[in-house]
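Sequence positions, counted from 1, serve as the residue numbers for this chain.
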Amino acid sequence: MPRQNGYHVAILGATGAVGEQMLKMLDLVKFPISQLTLLSSARSSGKQVEFQGNTYTVQEAKPESFEGVDIALFSAGGSISKQFAKEATDRGAIVIDNTSAFRMDPDVPLVVPEVNADDLHNHNGIIANPNCSTIQMVVVLEPLRQQLGLQRVVVSTYQAVSGAGQAAIDELTTQSTQMLNGEEPVANVLPVKGADKHHPIAFNALPQIDVFQENGFTFEEMKMINETKKILHLPLLPVAATCVRLPIVTGHSESVTVHLSQAATREQVKAILEEGPGITVQDQPEEQVYPTPLASVGHPDVFVGRIRQDMDDPQVFHMWVVSDNLLKGAAYNSVQIAQELIKRELV
Ligand code: NAP
Ligand code: 3JN
């Protein structure tokens with residue numbers, strides 16, 4: 001039975017781009033909250049945050065901060081998750097972690113509720129929320145996997161700067177003004193915080209998200225490849241990804257090419273996607289109806305359009321997949337996981 005008086009929820013990283021949206025999503029779904037604890041670094045400690053008519057004071061995260069917490073939503077970066085996850089679970093909290101710290105750990109379920117909610121039953125205190133680019137793609141792949149089978153996936157992403165946090169949003173704004181004023185853009189954050197060299201993102205496209213691996217793929221690309229296989233329970237599925245950052249504030253877009261296990265028609269694929277949970281099909285190209293990142297902002301769904309059969313292979317389909325990276329890609333997916341835990345009496 002869900003608890004009548006609700007749950008003690010903590011947000012670690014409450015003052016960040018994702019943390020802010022977590023609060024909005026908890027409010028949107030009317031999450032049953034008995035107590036709310038907002039945590040950050042010492043920098044934001046003491047900051048006041050409004051939620052559902054009450055004012056909360058953000059506190060610096062400490063191990064004791066998780067005393068009595070039922071559900072801890074983590075979104076402060078991988079090293080902070082590693083520092084605090086055990087502190088939280090030892091105190092009885094279930095951690096829903098938005099970072100890559102535990103995603104590929106075989107003991108940690110990696111969950112997109114529309115795809116693999118049953119994996120939640122295997123949790124040992126920590127549940128991982130996948131990378132935003134992975135989430136919106138697997139929501140679309142799963143109904144195709146179920147009905148037509150998957151043989152291969154090739155994706156190119158067009159990612160917004162909010163995926164790289166508040167500092168990247170600020171950098172795009174500042175650089176855009178600088179360039180429109182004819183000044184030299186100052187780059188400090190992208191493509192990777194703390195790198196030796198930075199590139200301007202304003203009026204640009206950066207074919208690097210996160211750090212390069214020895215195989216020439218970036219870590220973001222490897223996250224998409226490895227996480228997709230884990231979530232779909234298809235360890236041998238060939239997946240190739242190219243991840244690109246664009247000067248868009250919010251809304252990730254993806255050009256996805258899916259090789260199905262059998263031939264299908266465009267109408268069949270469209271009908272399957274229209275029935276898919278969490279998907280909104282926007283596909284009337286003759287009327288200029290297709291998803292765009294700007295229109296996706298503030299909506300929890302994954303949008304799909306431009307569905308086309310390949311010119312040479314009737315088993316291959318191309319499509320355009322868009323979602324608000326801070327919502328379904330991060331905050332909303334985490335809150336959905338928390339709702340599923342309650343529904344399945346796992347908390
Ligand atoms: P952000 O805007 O930079 O916010 C970072 C948050 O973490 C702030 O609340 C910050 O608090 C807090 N923080 C930083 N250092 C901390 C520390 N030592 N102890 C406690 N809190 C600390 O970043 P964001 O975009 O919200 O992303 C945060 C993390 O979420 C990322 O690093 C990533 O791991 C994950 N993320 C996941 C996805 C996804 O694809 N699912 C998407 C985006 C982000 P202060 O205000 O005190 O600095
Ligand atoms: O860049 C994006 O659009 C998504 C970025 C997500 C991100 C940013 C910093 C660290 C992650 C993530 O969730 O994969 C991480 C991380 O935890 O590795």
Side-chain angles (χ1 to χ4, degrees), residues 17-18 75 77-78 98-101 103-104 110 112 128-141 150 152-169 171-172 175 187 189-195 197-232 237-259 291-294 296-297 302-304 306 318-330 333:
V18 175
S75 186
N98 229 298
T99 80
S100 60
R103 287 181 192 149
M104 297 314 296
L110 180 64
V112 178
N129 188 92
N131 175 269
C132 42
S133 301
T134 310
I135 293 177
Q136 65 184 68
M137 183 169 78
V138 296
V139 165
V140 168
L141 292 180
L150 300 178
R152 183 182 194 93
V153 179
V154 180
V155 57
S156 294
T157 70
Y158 306 70
Q159 296 183 218
V161 295
S162 57
Q166 191 57 49
I169 302 174
E171 181 150 295
L172 172 59
Q175 285 176 359
V189 176
L190 293 169
V192 183
K193 247 186 236 171
K197 186 175 175 197
H198 298 283
H199 295 284
I201 182 64
F203 303 99
N204 210 355
L206 304 180
Q208 180 187 357
I209 298 182
D210 218 321
V211 293
F212 282 103
Q213 311 292 287
E214 271 182 16
N215 61 10
F217 285 81
T218 61
F219 191 36
E220 182 82 353
E221 289 160 354
M222 292 312 300
K223 287 174 198 171
M224 288 195 79
I225 292 166
N226 294 327
E227 294 175 16
T228 298
K229 295 174 199 239
K230 178 168 174 175
I231 298 162
L232 295 175
L237 179 72
V239 181
T242 303
C243 293
V244 178
R245 184 83 67 198
L246 290 192
I248 292 168
V249 176
T250 300
H252 283 2
S253 307
E254 300 178 343
S255 164
V256 183
T257 292
V258 187
H259 297 235
T292 66
L294 200 53
S296 78
V297 174
V302 175
F303 298 92
V304 193
R306 300 291 323 280
H318 307 280
M319 56 202 74
W320 179 245
V321 178
V322 177
S323 196
D324 182 326
N325 51 297
L326 297 177
L327 297 189
K328 184 57 188 164
N333 197 69

Min side-chain heavy-atom separation Thr257-Arg152 under 4.5 Å: no
Tell me which one of Lys328, Met137, Glu227 satisfies side-chain contact (heavy atoms from CB on, under 4.5 Å) with Val112. Lys328
May I ask you to test the Pro191-Arg245 pair for a side-chain heavy-atom distance under 4.5 Å? no
Heavy atoms, side chains only, cut-off 4.5 Å: are Leu232 and Leu141 in contact? yes
For Asn129 versus Ala330, what's the shortest heavy-atom pair and its separation? OD1-O, 3.6 Å
Side chains of Pro130 and Val138, heavy atoms from C-beta outward: is any pair under 4.5 Å? no
To the nearest 0.5 Å, how far apart are CD1 in Ile169 and CG in Leu326? 6.5 Å
Under 4.0 Å between a Lys/Arg side-chain N and an Asp/Glu carboxylate O for Glu220 and Lys223? yes
Contact summary for Ala160 and His252, nearest pair of heavy atoms: N-ND1, 3.0 Å
Distance in Å, Phe203 CZ paired with Leu246 CG, rounded so as to fall on 0.5 Å steps: 13.0 Å
Got a donor-acceptor contact below 3.5 angstrom from the Gln175 side chain to the Ile201 backbone? yes
Reported OG-to-CD distance for the pair Ser156 and Glu221, which is rounded to 0.5 angstrom: 9.0 Å
Looking only at heavy atoms, which two atoms of Arg103 and Asn98 are closest? And how far apart? NH2-O, 2.9 Å
Interatomic spacing from CG in Asp324 to SG in Cys132 - rounded to 0.5 Å: 10.0 Å
Validation row: Pro291, Trp320 side chains within 4.5 angstrom (heavy atoms): yes
Got Ser100 and Phe219 here, is their nearest side-chain heavy-atom distance under 4.5 Å? yes
Spacing of Asn131 atom CG and Ile231 atom CD1 [to the nearest 0.5 Å]: 9.0 Å
I'd like to know if the side chain of Ser323 pairs up with that of Gln136 as donor and acceptor (distance under 3.5 Å, no hydrogens or angles considered). no
Are any non-hydrogen side-chain atoms of Gln159 and Asn325 less than 4.5 angstrom apart? no
Could you please spell out the steps behind the side-chain contact (heavy atoms from CB on, under 4.5 Å) verdict for Ser255 and Tyr158? CA-CA 8 Å; Ser255 164; Tyr158 306 70; 4.1 Å; yes
Shortest non-hydrogen pair, Cys243 vs Met224, comes out as SG-SD, 3.7 Å
Spacing of Glu214 atom CD and Met222 atom CE [to the nearest 0.5 Å]: 11.5 Å
For Gln166 and Ala17, work out which heavy atoms get closest and say how close. N-CB, 4.1 Å
Any side-chain to backbone donor/acceptor pair from Ser253 onto Val322? Under 3.5 Å, distance only. no
Look only at the side chain of Thr218 and the backbone of Gln208, and say whether a donor-acceptor pair between them is shorter than 3.5 Å. no
Applying the side-chain contact (heavy atoms from CB on, under 4.5 Å) criterion to Val256, which one of Thr157, Val304, Val155, Val154 satisfies it? Val155
Student check: side-chain heavy atoms of His198 and Val189 closer than 4.5 Å: no
Over all heavy atoms of both residues, which pair between Ala101 and Gly78 is shortest? Give the atoms and the distance, please. CB-O, 3.7 Å
Does the pair Leu190 and Leu206 meet the rule for a side-chain contact (heavy atoms from CB on, under 4.5 Å), with working shown? CA-CA 9 Å; Leu190 293 169; Leu206 304 180; 4.1 Å; yes
